[in-house]
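Just the heavy atoms: all of them, side chains too, but no hydrogens, waters or symmetry mates, feed the values below. Since the model is a prediction, treat every value here as computed from it, not as a measurement.
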Amino acid sequence: MKIKCRLAAQWLALLMAASWLAGSGLAQSMDPRYYDMGSPTLTDIWVDPVNGSDSNSGASRGQALRTINAAWNAIPGGSTLTSTGYRIQLVSGTYPDGSLPTYWDGRYGTYQYPVIIQAADGAGTAVLQQDLNIHDCRYLYLVDFSVTANGNNIIHAEGCTNMLLHGLTLQGSTETTQEVIKMNQSRYLYVEDSDVSGAYWMALDFVACQYGHIVGNRFHNADWVIYLKGGSAYFRIEANRIYDGGTCGFLAGMGTGFEFMSSPWLHYECSDVKFINNVIHDIEGAGMGVNGGYNILLAYNTLYRVGSRSHALEAVFGARSCDGDTARCAANLAAGGWGTSTPGASESIPNRNVYFYNNIIYNPSGFQSAYNHLAVYGPRTPTAGSNIPSPAETDTNLRFRGNIFWNGTAAMPLGIGEEGQGGQASNPTCNPDQFRADNSVNSLQPELANPAGNDLRPSPSGNVFSATTYTPPDFAGGDSPSPPTEPEGNLLNTVSRDFYGNARSAGSPPGAYANAGSTNATTDPVPVIYANSMTGAVTIASSDTLRVAISLNPNSMAGSNADWWLLAQASGSWYYCDFITAGGAWLPGFSVSFQGSLFSVAAAEVLSISGLAAGVYQIYFGVDTVMDGQITADHLYYSSVTVTVN
């Protein structure tokens with residue numbers, strides 16, 4: 001599931017036409033999918049928390065420093081690097097609180113001469129026990145390490161440009177951590193292939209940030225799991241897993257103090273965002289939505305078990321307040337921004353050009369949204385002098401097309417068209433008749449591979465492939481507010497690939513996956529299980545011998561630690577193959593079969609048995625890359641075979 005990037009010999013070559021794209025103003029660039037670091041010029045600074053000494057040179061592993069603080073201070077500050085960049089190589093180990101800088105400030109790398117902090121011995125091998133507070137840094141790349149801390153923010157950055165967060169594991173506390181990743185007034189931000197969890201508010205919070213992408217991550221165990229607000233713009237948010245959330249899964253926009261916004265992005269809460277190919281599940285509030293957004297595309301996402309305390313999707317107002325700096329609020333208002341300079345007052349920020357296309361919203365039997373399918377608010381009258389168009393509306397060119405809704409019963413209210421709601425019958429792009437005609441509303445229950453196990457791929461030959469979809473139209477452009485004038489975003493809305501990066505055809509189904517069994521062939525482990533040399537299903541006589549074999553291609557995860565599972569189910573009972581204590585014997589029960597690194601298995605027989613009783617036997621082979629003796633569904637790769645004995 002992950003496309004890993006590693007520096008030098010370990011970094012995979014990504015498709016980047018020119019290095020200038022990494023720092024250009026190209027809005028929501030669709031390609032390359034991941035950030036390309038190019039071939040930077042670097043000087044290594046080694047750090048070893050056990051065997052190092054801050055009196056060493058840091059020039060080699062044998063001369064490693066002891067603290068990251070000493071390594072950071074060895075990088076020239078206050079001026080742009082011109083002859084070399086720096087890479088802090090973190091040797092495997094734990095880096096305790098107090099051994100890191102309290103304030104990471106004023107390191108000015110370039111694309112050719114960046115500043116990199118990287119786990120030297122593989123992803124997750126260096127564990128930092130202190131949060132990172134970063135200010136005014138340029139071309140700073142954080143790669144492959146873990147941070148476990150109880151701070152207010154795990155990574156906080158302000159006034160930075162060209163930051164890459166790749167392959168990180170960031171774990172906060174739902175008791176003490178407000179946001180795991182918090183970025184303010186920064187540009188060119190790239191968050192990739194990271195696991196981000198544990199906050200009483202947000203796993204990721206961008207305020208007044210522009211340009212970049214958020215790709216291939218896991219965001220979970222937070223209330224508002226991720227949102228972008230405060231004039232954030234020009235982001236591609238793709239192929240993420242967002243789950244175990246409270247108030248929302250993903251929001252484009254929310255509410256912001258006017259003084260925290262950056263000119264010229266002083267109107268909408270969020271602009272020019274493409275939220276595509278994401279998987280969202282187990283969210284108590286809305287799975288995804290827009291609160292004060294402009295030119296927002298939400299397409300080809302799969303949502304499961306969302307909205308239990310409210311609604312599944314939303315297009316509602318954002319909010320704009322003045323939180324104390326009245327002079328700054330007044331200056332932004334005078335410049336033409338939308339808002340107020342009155343402390344304690346709040347203005348409603350409208351939406352324009354919000355497109356929900358070809359998404360799956362699937363709530364299984366016994367789980368449904370509390371009130372409606374949607375929340376779309378009716379018009380409001382802004383305060384005179386707020387600069388907000390009157391009436392303020394959430395449904396101007398709002399479109400829902402090609403979506404599958406399976407949520408409650410036919411009596412579930414739409415959430416549009418009734419008194420006080422948006423989407424009235426007079427709205428040409430969003431009204432009840434149009435909504436029912438252009439979407440499947442409780443008429444098609446999506447057939448997915450194993451939704452209870454969070455495998456939300458479409459079943460082979462299932463009904464998802466027969467669902468009607470629509471090509472998302474491009475945005476027209478030319479209708480953004482001014483003054484001040486914001487740069488125009490990428491108006492094209494073509495979605496040419498799926499969650500795994502595989503190509504989408506014109507008729508590809510709704511949801512995050514373009515085809516059944518879709519995987520990323522370059523990164524995902526591929527386990528296969530065979531019964532008498534066949535996959536999928538086989539029928540034998542009770543007198544026949546059943547021979548079960550397995551193969552595994554670990555792809556780029558070779559060497560990663562994993563739980564290995566060989567399980568069989570018969571007549572409601574479980575059996576497992578025990579290579580840990582029983583030499584490969586099959587025993588009653590449900591347990592892990594082996595624990596260790598992933599390696600290639602060409603073909604290995606794991607069972608040979610005759611005289612089976614008539615019945616149906618289900619046999620599974622899988623690996624999950626959280627080696628804890630428990631099945632971790634979001635890290636699980638498996639295959640199964642059904643054996644029918646006559």
Side-chain angles (χ1 to χ4, degrees), residues 1-6 12-15 29-36 123 166-167 190-195 213-219 236-243 250 274-281 297-304 357-360 362 446-451 453-462 464-465 469 494-528 552-558 560 562 598 622-625 632-639:
M1 291 183 185
K2 294 185 177 181
I3 300 175
K4 296 298 293 181
C5 301
R6 300 281 175 82
L12 296 174
L14 298 176
L15 300 175
S29 174
M30 295 296 288
D31 292 298
R33 195 181 194 197
Y34 283 75
Y35 184 85
D36 179 14
H166 181 92
Y190 308 93
V191 183
E192 303 173 348
D193 285 359
S194 295
D195 192 294
H213 62 231
I214 301 168
V215 178
N217 305 283
R218 288 180 169 89
F219 297 105
R236 170 171 49 89
I237 306 169
E238 179 179 6
N240 301 283
R241 292 183 180 272
I242 299 169
Y243 56 98
F250 165 76
K274 302 192 190 302
F275 185 78
I276 56 175
N277 297 323
N278 298 282
V279 173
I280 305 170
H281 65 85
L297 174 69
L298 306 100
Y300 294 105
N301 302 289
T302 298
L303 288 71
Y304 182 69
Y357 270 70
N358 307 328
N359 303 286
I360 295 174
Y362 180 22
E447 295 173 348
L448 305 181
N450 181 18
N454 297 325
D455 184 351
L456 303 180
R457 295 173 297 174
S459 297
S461 304
V464 170
F465 293 96
T469 57
T494 301
V495 182
S496 61
R497 57 183 176 242
D498 75 350
F499 180 92
Y500 290 110
N502 298 317
R504 284 191 181 277
S505 63
S508 67
Y513 305 100
N515 52 73
S518 179
T519 62
N520 189 303
T522 63
T523 63
D524 288 353
V526 180
V528 182
L552 177 68
N553 179 359
N555 281 311
S556 68
M557 289 190 180
S560 299
L598 297 176
V623 297
D624 79 72
T625 53
T632 307
D634 282 325
H635 295 256
L636 176 66
Y637 309 84
Y638 75 96
S639 68

Visitor: When you look at L298 and F250, which way does the side chain to side chain contact (heavy atoms under 4.5 Å, CB included) test go after all the steps?
Guide: CA-CA 10 Å; L298 306 100; F250 165 76; 4.2 Å; yes

Visitor: Kindly compute the distance separating OH (Y513) from OH (Y300), expressed to the nearest 0.5 Å.
Guide: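 One gets 16.0 Å once the value is rounded to the nearest 0.5 Å.
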
Visitor: Shortest non-hydrogen contact from V215 to R33?
Guide: CG2-O, 3.8 Å

Visitor: Closest approach of A512 and T302, non-hydrogen atoms and distance?
Guide: N-OG1, 2.9 Å

Visitor: Give me the ring orientation class for Y190 and H213: parallel if the planes are under 30° apart, tilted from 30 to 60°, perpendicular past 60°.
Guide: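 Y190 vs H213 ring planes: perpendicular.
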
Visitor: Looking at D31 and R497, is there a salt bridge between them, counting it only when a charged N and a carboxylate O are closer than 4.0 Å?
Guide: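 D31 and R497: salt-bridged.
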
Visitor: Determine yes or no for a side-chain-to-main-chain donor-acceptor pair under 3.5 angstrom, with N502 supplying the side chain and A514 the backbone.
Guide: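 Looks like no, no N/O pair under 3.5 Å.
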
Visitor: Has the side chain of R236 got a donor or acceptor atom that lies under 3.5 Å from a matching backbone atom of I276?
Guide: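 Judged by distance alone, no pair lies under 3.5 Å.
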
Visitor: Are any non-hydrogen side-chain atoms of R241 and F499 less than 4.5 angstrom apart?
Guide: yes

Visitor: Looking at every non-hydrogen atom in both residues, tell me the closest pair between P446 and I360 and how far apart they are.
Guide: CG-CG2, 3.9 Å

Visitor: Starting at CZ of F465, measure out to CG of N515 and round the result to the nearest 0.5 Å.
Guide: 6.5 Å

Visitor: Can you check whether N450's main-chain N or O pairs, donor with acceptor, with D455's side chain at less than 3.5 Å?
Guide: no

Visitor: Return yes if some donor-acceptor pair links the side-chain N/O of E192 with the main-chain N/O of Y34 below 3.5 Å, else return no.
Guide: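 The answer is no, because no donor-acceptor pair under 3.5 Å joins these two groups.
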
Visitor: Contact between L456 and Y362 at the side-chain level, heavy atoms closer than 4.5 Å - yes or no?
Guide: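 No; the side chains remain at least 4.5 Å from each other.
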
Visitor: Is a donor on one side and an acceptor on the other found under 3.5 Å between the side chain of N301 and the backbone of V279?
Guide: no

Visitor: For the pair N217 (side chain) and D193 (backbone), establish whether a donor and an acceptor sit closer than 3.5 Å, ignoring hydrogens and angles.
Guide: yes

Visitor: Are any side-chain N or O atoms of N278 and backbone N or O atoms of I237, one a donor and one an acceptor, separated by less than 3.5 Å?
Guide: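 Flag set: sc N278 to bb I237 pair under 3.5 Å.
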
Visitor: Which atom names give the shortest non-hydrogen contact between P525 and L552, and what distance separates them?
Guide: CB-CD1, 4.3 Å

Visitor: Return yes if some donor-acceptor pair links the side-chain N/O of N240 with the main-chain N/O of I214 below 3.5 Å, else return no.
Guide: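 Pair found, side chain donor or acceptor close to backbone of I214.
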
Visitor: Mind listing the closest non-hydrogen atom pair of L598 and P554 along with its distance?
Guide: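 So the two residues come closest at CB-CB, 4.0 Å.
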
Visitor: Would you tell me whether R504 and N358 have side-chain atoms, one donor and one acceptor, within less than 3.5 Å of each other?
Guide: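 Side chains of R504 and N358: no pair found under 3.5 Å.
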
Visitor: Restricting to non-hydrogen atoms, name the atom on Y304 and the atom on P451 that form the minimum distance, rounded to 0.1 Å.
Guide: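 So the two residues come closest at CE2-O, 3.3 Å.
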
Visitor: Side-chain contact test, heavy atoms from C-beta onward, threshold under 4.5 Å: evaluate it for V464 versus P510 and give yes or no.
Guide: yes

